[in-house]
Undergrad: 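Just passing along the structure, written as structure tokens.
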Amino acid sequence: MKIGILSDTHLSKPTEELTQVVQSVFSDVDLILHAGDLIELDILTAVGDKEVIAVHGNMDSPECKRALPEWRILDLGGFRVGLIHGFGAPLGIEKRLLSRFAGEQLNVLVFGHTHHPTNRVADGVLLFNPGAFAGSWTTLGKRSVGLLMLEDTPKGKHISI
């Protein structure tokens, strides 16, 4: 199973660039996950006919926060995947997020919030942050999305945009 991963789009409406990224980078994915900070729900229309599962982030509109949960646990391709935006300072975020899912036996934790790409295994869990579609001053404007491959073992990949 191949999954497209977005986070921190920070858009009030879909843009041509977002649509192009979805159509090119995510052209052959089975599913798209959005790890929050969409800003507005209309962003989800940029995925076209792809199935998308999302959570809300700290910067999302009240409408997004009402429509989307803070976190989810998904059974995908034989793996348990946690999906959350994140909260608090970047320092220590992985530990805080893993504690939120304590006892859930996750194989993968997909998160956003920091705008920094992460792709590493800790305590048997793949921690994957695609980075930010929007970029930020903390990443020197670098922008990225991600791909998650759920095969024999989960593997993540960052795509610079």
Side-chain angles (χ1 to χ4, degrees), residues 1-10 18 21-22 25-39 41 43-44 46-47 50-60 64-65 67-140 142-161:
M1 179 173 230
K2 186 175 183 181
I3 302 169
I5 310 289
L6 285 168
S7 186
D8 298 280
T9 46
H10 290 279
L18 177 59
V21 166
V22 169
V25 177
F26 298 161
S27 64
D28 62 344
V29 301
D30 301 300
L31 172 71
I32 297 172
L33 301 181
H34 196 303
D37 277 3
L38 298 77
I39 303 302
L41 286 173
I43 297 309
L44 300 178
V47 302
K50 299 280 184 189
E51 180 183 1
V52 63
I53 299 173
V55 293
H56 75 257
N58 60 301
M59 299 295 290
D60 283 326
C64 281
K65 290 180 178 180
L68 301 172
E70 179 184 352
W71 57 276
R72 295 177 187 245
I73 297 173
L74 308 164
D75 291 311
L76 300 172
F79 296 95
R80 286 180 59 82
V81 178
L83 177 62
I84 190 168
H85 180 64
F87 51 89
L91 186 61
I93 192 169
E94 294 169 0
K95 186 176 180 180
R96 284 193 309 276
L97 296 180
L98 285 170
S99 70
R100 175 70 55 99
F101 290 92
E104 296 295 343
Q105 299 178 340
L106 295 182
N107 303 107
V108 180
L109 177 59
V110 174
F111 65 102
H113 190 59
T114 67
H115 291 217
H116 288 276
T118 301
N119 186 14
R120 69 182 196 88
V121 176
D123 298 325
V125 178
L126 174 63
L127 302 172
F128 190 79
N129 182 330
F133 178 85
S136 76
W137 66 271
T138 62
T139 60
L140 303 176
K142 293 181 183 170
R143 302 164 59 222
S144 58
V145 297
L147 293 172
L148 180 62
M149 284 69 67
L150 300 178
E151 297 165 351
D152 295 335
T153 59
K155 292 183 175 86
K157 178 180 179 182
H158 294 111
I159 311 291
S160 294
I161 55 172

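Start at 1 with the first residue, then count along the sequence.
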Undergrad: Surrounding CE of Met149 (heavy atoms of other residues, nucleotides or ligands, distance under 6.0 Å), is the total greater than 12?
TA: yes
Undergrad: Within a 6.0 Å radius of atom CG on Asp75, are there more than 12 heavy atoms belonging to other residues, nucleotides or ligands?
TA: yes
Undergrad: Is it the case that the side chain of Arg72 and the backbone of Ala54 share a donor-acceptor pair, with hydrogens and angles ignored and the cut-off at 3.5 Å?
TA: yes
Undergrad: Determine yes or no for a side-chain-to-main-chain donor-acceptor pair under 3.5 angstrom, with Arg143 supplying the side chain and Gly131 the backbone.
TA: no
Undergrad: Do side-chain atoms of Asn119 reach the backbone of Phe128 as a donor and acceptor pair under 3.5 angstrom?
TA: no
Undergrad: Report the C-alpha separation of Phe87 and Leu97 in whole Å, then their side-chain angles, then the decisive distance to 0.1 Å, and conclude whether the side chain to side chain contact (heavy atoms under 4.5 Å, CB included) test is met.
TA: CA-CA 8 Å; Phe87 51 89; Leu97 296 180; 3.5 Å; yes
Undergrad: How long is the gap from CG on Leu38 to CZ on Phe133, to the nearest 0.5 Å?
TA: 12.0 Å
Undergrad: Please give me the minimum heavy-atom distance between Val29 and Gly4, naming the atom from each residue.
TA: CG1-N, 3.6 Å
Undergrad: For a quick test of reading the model, state the closest non-hydrogen atom pair linking Ile32 to Lys50 and the distance between them.
TA: CD1-CB, 3.9 Å
Undergrad: Backbone N or O of Asn129 within a donor-acceptor pair of the His158 side chain at under 3.5 Å?
TA: yes
Undergrad: Can you give me the closest heavy-atom contact between His85 and Ser7, atom names plus distance?
TA: ND1-OG, 4.1 Å
Undergrad: Would Ile159 and Val21 satisfy side chain to side chain contact (heavy atoms under 4.5 Å, CB included), going step by step from the backbone distance to the final call?
TA: CA-CA 10 Å; Ile159 311 291; Val21 166; over 6 Å; no
Undergrad: Do you know the tightest heavy-atom contact between Val110 and Ala35?
TA: CG1-CB, 4.3 Å
Undergrad: Working note: Leu68 + Val55, criterion side chain to side chain contact (heavy atoms under 4.5 Å, CB included); need CA distance, chi angles, decisive distance, verdict.
TA: CA-CA 5 Å; Leu68 301 172; Val55 293; 5.5 Å; no
Undergrad: Could you measure the distance from the CG atom of Asp60 to the CD1 atom of Ile39? Nearest 0.5 Å is fine.
TA: 5.5 Å
Undergrad: Could you please spell out the steps behind the side chain to side chain contact (heavy atoms under 4.5 Å, CB included) verdict for Leu147 and Lys155?
TA: CA-CA 8 Å; Leu147 293 172; Lys155 292 183 175 86; over 6 Å; no
Undergrad: Search all heavy atoms of Phe79 against all heavy atoms of Asp152 and return the closest pair with its distance.
TA: CZ-O, 3.7 Å
Undergrad: Work out which heavy atom in Leu44 is nearest to a heavy atom in Val47; give both atom names and the distance.
TA: O-CG2, 3.0 Å
Undergrad: Could you check whether the rings of His10 and His115 sit parallel, tilted or perpendicular, using 30° and 60° as the cut-offs?
TA: tilted
Undergrad: Could you tell me the separation between the CD1 atom of Ile3 and the CZ atom of Phe26, rounded to the nearest 0.5 Å?
TA: 11.0 Å
Undergrad: Answer whether the closest heavy-atom distance between the side chains of Ile43 and Leu6 falls below 4.5 Å.
TA: no
Undergrad: When you measure from the side chain of Asp30 to the backbone of Met1, do you find a donor-acceptor pair of N or O atoms at a distance under 3.5 Å?
TA: no
Undergrad: Let me confirm one number: the NZ-CZ distance from Lys95 to Arg100, rounded to the nearest 0.5 Å.
TA: 15.5 Å
Undergrad: Which value, rounded to the nearest 0.5 Å, describes the distance between Thr118 atom OG1 and Leu127 atom CG?
TA: 7.5 Å
Undergrad: Kindly compute the distance separating CG (Leu148) from CG (Leu76), expressed to the nearest 0.5 Å.
TA: 8.5 Å
Undergrad: Among Asn58, Asp8, Asp37, which residue meets the side chain to side chain donor-acceptor pair (under 3.5 Å) test with His113?
TA: Asn58
